[in-house]
A.B. asks: 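Sharing a structure here in structure tokens format.
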2 protein chains.
Amino acid sequence: MPEAPRPPATNVRGTKMSQENDEYFVPAVFREVVGFHLRIAQEASFEAFGVMAGKANLKPGWYALLTILNEAGSMTPSELSRHCGRDRSTLTSTLKALAARGLIQRERKSEDQRSYEVRLTAIGCDIQRRLHAIAIDHERHLDEILGQDKAMLLAILRRIASRV
Amino acid sequence: MPEAPRPPATNVRGTKMSQENDEYFVPAVFREVVGFHLRIAQEASFEAFGVMAGKANLKPGWYALLTILNEAGSMTPSELSRHCGRDRSTLTSTLKALAARGLIQRERKSEDQRSYEVRLTAIGCDIQRRLHAIAIDHERHLDEILGQDKAMLLAILRRIASRV
DNA sequence: TATTGTTATACTCTATAACTATA
DNA sequence: TATAGTTATAGAGTATAACAATA
């Protein structure tokens, strides 16, 4: 099924290639492969967001957590981990860092002494807002790239995520 | 910009949620965010491939390398790294493992004693074929999900990757 | 000087298993 | 016994910097 060998490309992703239409390098075998293009597009998008956040000295990895908290008001770490789709244990160190920097506050639950509610502090709200502004900016950029196709892209991606 | 707080969801990705149309959990704020859905779709697709490869006791991470080598015939590690869009140093340990298992062979270049050509052995070709069969299978599954929309999705993803 | 492959090192993100303190 | 949060540990996957050999 792999295509015939090709003259060795001397190119890198991001470099214009004379034989291709794409502006980034794609090994011939992967040209029509959905998973490949999904990965490249996802990496490009995430990196662009990360660069913008980095310029503002903000951790891109905080964005999802802070935003979910901002939306929910408060939540336990276990609830948060379910909202992120990641294991509880992966949140501990991040929550610790967020607390140490005063972005979140923890409050023991009276009904269940094992657990506690996490909520944003004023600083946390501010940082969330700044990250969100970057995300909005990034999304606007994607909107420009996507034009009329955004709704269709989202529908297709949802279909992949729920049925694959 | 974030929407109003919602009742805390008790759900996890993959679980049906009564209030949503999606079959997996999506925090309200991220519902129309391209980057979020890109990530979820990419993870789902990659994981599905990984599960299939795992069942055959094959490392999904080998697929790209072996397939590029199969296509090109032979290549130096530096060339390979450029084709993958990763730093040279990230390939060393994988190439070592592939050589140790007899999937690739290395041959010193006469013109440049610093470098060598990597090519698949018969075993390497076989493993590549098996991984490729899984990839084809996976792609067929995606084709079923995508139907007529595949070409459009690929075009949109290429646009994101090259312009973001 | 520049490049190739390698090493050392580190950082991010993720997971599992076991621990503790509660329930 | 079961659950919430934590810890220890590990494994991908990636990157940068520096080194030896060679160009």
A.B. asks: Find the distance Asp87(A):CG to dT3(D):P and express it as a whole number of Å.
C.D. replies: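 The answer, rounded to whole Å, is 15 Å.
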
A.B. asks: Once you round it to whole Å, what is the distance between C1' of dT22(D) and OH of Tyr116(B)?
C.D. replies: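 My rounded result for the distance is 15 Å.
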
A.B. asks: Heavy-atom distance under 4.5 Å between the side chains of Leu153(A) and Lys150(A), does that happen here?
C.D. replies: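 With C-beta onward as the side chain, the pair stays apart.
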
A.B. asks: Using the side-chain heavy atoms of Gln113(B), tell me which of these nucleotides is nearest: dG5(D), dA23(D), dA15(C).
C.D. replies: dA23(D)

A.B. asks: For the pair made of CZ in Arg108(A) and C1' in dG5(D), what is the distance, rounded to whole Å?
C.D. replies: 8 Å

A.B. asks: Consider only side-chain heavy atoms of I, L, V, M, F, W and Y, link residues closer than 4.5 Å, and tell whether Ile145(B) and Leu157(A) are in one cluster.
C.D. replies: yes

A.B. asks: Checking contacts here: which listed nucleotide (dA4(D), dT7(C), dA15(D)) is nearest the side-chain heavy atoms of Thr92(B)?
C.D. replies: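 The nucleotide sitting nearest to the side chain is dT7(C).
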
A.B. asks: Could you state the CZ-P distance from Arg88(A) to dA18(C), rounded to the nearest angstrom?
C.D. replies: 14 Å

A.B. asks: What is the distance, rounded to the nearest whole Å, between atom CE of Met75(A) and atom P of dA4(D)?
C.D. replies: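 For the pair Met75(A) CE and dA4(D) P, the rounded distance is 14 Å.
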
A.B. asks: Output the rounded distance in Å from CD (Glu111(B)) to P (dA23(D)).
C.D. replies: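 It works out to 10 Å between those atoms.
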
A.B. asks: Among the candidates dA23(C), dT14(D), dT14(C), find the nucleotide nearest to the side-chain atoms of Asp112(A).
C.D. replies: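 The closest nucleotide is dA23(C).
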
A.B. asks: Does Ser89(B) make a side-chain donor-acceptor contact with the base of dT16(D), cut-off 3.5 Å?
C.D. replies: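 Per atom types, the contact qualifies.
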
A.B. asks: At under 4.0 Å, does any side-chain N or O of Lys96(B) touch on OP1 or OP2 of dT7(C)?
C.D. replies: yes

A.B. asks: Between dT4(C) atom P and Leu95(B) atom CG, what is the distance in whole Å?
C.D. replies: 15 Å

A.B. asks: When all nucleic acid strands are considered with a 4.0 Å heavy-atom cut-off, which category describes Lys109(A): base, sugar-phosphate, or nothing?
C.D. replies: nothing

A.B. asks: If you compare every side-chain N and O of Ser78(A) against the phosphate oxygens of dG5(D) (OP1, OP2), does one of them come in below 4.0 Å?
C.D. replies: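 Answer is yes, contact under 4.0 Å.
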
A.B. asks: Atom CD of residue position Gln148(A) - does it have more than 12 heavy atoms of other residues, nucleotides or ligands inside 6.0 Å?
C.D. replies: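 Result for CD/Gln148(A): open.
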
A.B. asks: Return whichever of Pro77(B) or Lys59(A) has its heavy-atom-nearest nucleotide of DNA chain C closer to the 5' end.
C.D. replies: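 Checking each residue's closest nucleotide, the 5'-ward one belongs to Pro77(B).
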
A.B. asks: Figure out the CZ/P separation between Phe46(A) and dG13(D), and round it to whole Å.
C.D. replies: 17 Å

A.B. asks: For Phe25(B) and Phe30(B), what are the C-alpha separation, side-chain angles and deciding distance, and is it a ring pair (Phe, Tyr, Trp, His ring centres under 6.0 Å)?
C.D. replies: CA-CA 10 Å; Phe25(B) 176 67; Phe30(B) 299 142; 10.0 Å; no

A.B. asks: Nearest heavy atom decides the nucleotide; on that basis, is Arg106(A) or Arg114(B) closer to the 5' end of DNA chain D?
C.D. replies: Arg106(A)

A.B. asks: So what does Thr90(B) hit on the nucleic acid, given a heavy-atom distance under 4.0 Å: a base, only sugar-phosphate, or nothing?
C.D. replies: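 Base contact.
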
A.B. asks: Is any side-chain nitrogen or oxygen of Thr76(A) closer than 4.0 Å to OP1 or OP2 of dA4(D)?
C.D. replies: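 No, Thr76(A) has no side-chain N/O under 4.0 Å of OP1/OP2 on dA4(D).
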
A.B. asks: For residues Arg101(A) and Trp62(A), determine if any side-chain heavy atom of one lies less than 4.5 Å from a side-chain heavy atom of the other.
C.D. replies: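 When only atoms from C-beta onward are counted, Trp62(A) and Arg101(A) do touch, with a gap below 4.5 Å.
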
